[in-house]
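First the structure, in the form of structure tokens, and then the observations on it.
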Number of protein chains: 2
Amino acid sequence: MDVQVQFMAELSQLIDKLSFLSRDQLKIALKGYKPAEVHTIEFIGEHSETNVTAIASALYVTRGAVSKITKRLISRGLIVRYQKPDNQKEVYFKLTAQGQEVFEIHKKFTNYFMQRDEPIFRDSPDAVATTLAFLHQYNAFLDQKITIKK
Amino acid sequence: MDVQVQFMAELSQLIDKLSFLSRDQLKIALKGYKPAEVHTIEFIGEHSETNVTAIASALYVTRGAVSKITKRLISRGLIVRYQKPDNQKEVYFKLTAQGQEVFEIHKKFTNYFMQRDEPIFRDSPDAVATTLAFLHQYNAFLDQKITIKK
DNA sequence: CATATATTGTTTCTTTGTCAACAAAAACAG
DNA sequence: CTGTTTTTGTTGACAAAGAAACAATATATG
């Protein structure tokens, strides 16, 4: 059980540090855009056919929150709202040109951060492969626990 | 760069799934206590000599937030506030008997979750060791980036 | 020692998100 | 097909957390 404690500790530390290191720079580069807004733009940019409910469950927030954020993003001209001809209930979104710009800036930074960490991944490819496999296995294990529960 | 993308994806998925699986049960077991409150109690329980600033930076929240939460925890009789004779500025906290109870419940569940995942760790000790080493190395790498920045 | 600077904790204001209630639309059951 | 149930998105009231301003205290500097 001791290794598990260590594993969790390393994991949460890693997450914290990664977000700490990116926070400041992203804040400056995307000044004027709130984190939640950028996050939503990012998701819409990667999933062109996505509605309120899908965004909410992907981002682990409520539909109400998505409804409010998208409303704001529309009023700021970053996304547009559209519906499909055969469904009057679901609401979909896509980026405007301006939204696309924000998306690109964010992506550029993501790439920058990955380049920063590239040495770590390059120097020990075997350890990386093993780690990746283990994380994948752990994820699959948890998937089981989740489906069993339902 | 592809492995890095995969690594990040596996990592965030893992985190999401772990929190999803624990959320419901913890919510029931610690009914009446908000997640942030439990989190704070947990940290104070593990660090008996800790002040507002230390809690804030460990939990990645602002001092204002800690100030408010601790105030609430005091009024609910879960922690006590104390100061050291030679320092009138810093404010320290420790758990009351009731706070200790909450701490124990939380710990019990943490143990339960670890037991749930124990098979994964037991079945492939080598992969676990490699993973742990890699995470540790990555953390150290980021520590450098953080200190350089300062 | 005296003064300037930094740190600590609290408070106020604003933003964000959750929750619950709701209306509209779609899916389902008989 | 008709009535019921479920799903979807929106809204308003409320709670949580961040940012900034502030007072009190501690530390550093000359």
Side-chain angles (χ1 to χ4, degrees), chain A residues 16 19-20 22-24 26-28 30-44 47 49-76 78-94 150, chain B residues 16 19-20 23-24 26-28 30-41 43-44 47 49-76 78-94 150:
Chain A
D16 287 343
S19 85
F20 174 80
S22 62
R23 188 158 28 184
D24 290 356
L26 277 176
K27 207 172 189 174
I28 294 164
L30 292 169
K31 203 175 173 62
Y33 300 99
K34 286 152 198 161
E37 292 175 348
V38 176
H39 201 190
T40 306
I41 288 173
E42 184 195 5
F43 186 79
I44 293 173
H47 305 82
E49 292 241 332
T50 195
N51 61 353
V52 173
T53 302
I55 297 173
S57 62
L59 267 45
Y60 292 87
V61 293
T62 57
R63 284 175 299 160
V66 173
S67 184
K68 287 169 193 169
I69 289 184
T70 52
K71 203 175 169 182
R72 205 165 56 220
L73 291 176
I74 290 168
S75 75
R76 297 184 59 183
L78 295 160
I79 62 174
V80 288
R81 178 198 150 106
Y82 70 95
Q83 291 188 289
K84 297 187 182 180
D86 57 335
N87 190 318
Q88 287 305 109
K89 196 167 61 161
E90 295 176 341
V91 176
Y92 292 81
F93 304 95
K94 60 181 170 188
K150 279 179 184 160
Chain B
D16 287 344
S19 85
F20 174 80
R23 188 159 30 186
D24 290 356
L26 276 176
K27 208 171 187 172
I28 294 164
L30 291 169
K31 204 176 173 61
Y33 300 99
K34 286 154 197 160
E37 292 174 348
V38 176
H39 202 190
T40 306
I41 289 172
F43 185 78
I44 293 173
H47 305 82
E49 290 241 333
T50 197
N51 61 354
V52 173
T53 301
I55 296 173
S57 62
L59 269 44
Y60 291 85
V61 293
T62 57
R63 284 174 300 161
V66 173
S67 183
K68 289 168 198 166
I69 290 182
T70 50
K71 205 173 168 183
R72 204 164 56 222
L73 291 175
I74 290 167
S75 75
R76 296 181 61 182
L78 295 159
I79 62 176
V80 288
R81 176 199 152 107
Y82 70 96
Q83 291 187 289
K84 297 188 182 181
D86 56 337
N87 189 318
Q88 286 305 110
K89 196 168 61 162
E90 296 176 341
V91 176
Y92 293 81
F93 304 96
K94 60 182 169 187
K150 280 181 183 160

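Residue numbers start from 1 in every chain, and the chains themselves are labelled A, B, ... in the order their sequence lines are given, proteins ahead of strands.
- Per the geometry, NZ belonging to A:Lys68 stands 9 Å off P belonging to D:dG12, to the nearest Å.
- Between A:Asn51 atom CG and D:dT10 atom P there is a gap of 10 Å when expressed in whole angstrom units.
- At a threshold of 4.5 Å between non-hydrogen side-chain atoms, the residues B:Ile55 and B:Ile44 count as touching.
- Atom CD1 in A:Ile74 sits about 12 Å away from atom C1' in D:dG9, given to the nearest Å.
- Protein atom OH of B:Tyr33 is 19 Å distant from nucleotide atom P of D:dA15, rounded to whole Å.
- Remark: P of D:dA24 and CG of B:Asn87 are 16 Å apart, rounded to the nearest angstrom.
- Atom-to-atom, CD1 of A:Ile55 to C1' of D:dT8 comes out at 13 Å; the value is rounded to the nearest Å.
- For A:Thr53, no side-chain nitrogen or oxygen approaches OP1 or OP2 of D:dT7 to under 4.0 Å.
- Contact annotation: B:Arg63 does not reach the phosphate of D:dA17 (side-chain N/O to OP1 or OP2, under 4.0 Å).
- For the pair B:Lys34 NZ and D:dA17 P, the computed distance is 9 Å after rounding to whole Å.
- Each of A:Gly64 and B:Lys71 was matched to the nucleotide of DNA chain C holding its nearest heavy atom; the match closer to the 5' end belongs to B:Lys71.
- Residues B:Glu37 and B:Arg72 are paired through a salt bridge, judged by an N-O separation under 4.0 Å between the basic side chain and the carboxylate.
- Rounded to whole Å, the distance from CD on B:Glu37 to C1' on D:dA16 is 10 Å.
- Closest-nucleotide positions on DNA chain C for A:Val66 and B:Arg81 were compared, and the one nearer the 5' end corresponds to B:Arg81.
- B:Leu73 places a side-chain heavy atom less than 4.5 Å from the side chain of B:Ile41.
- Taking the charged nitrogens against the carboxylate oxygens, A:Lys84 and A:Glu49 do have a contact shorter than 4.0 Å, which makes a salt bridge.
- Nearest to the side-chain atoms of A:Ser67 among the listed nucleotides C:dT7, C:dC19, D:dT10 stands D:dT10.
- The side chain of A:Lys89 has D:dT7 as its nearest neighbour among C:dT7, D:dG18, D:dT7.
- Across all strands shown, B:Ala65 has heavy atoms under 4.0 Å from sugar-phosphate atoms exclusively, and none from any base.
- Taking the centre of each ring, A:His47 and A:Phe43 come in below the 6.0 Å mark.
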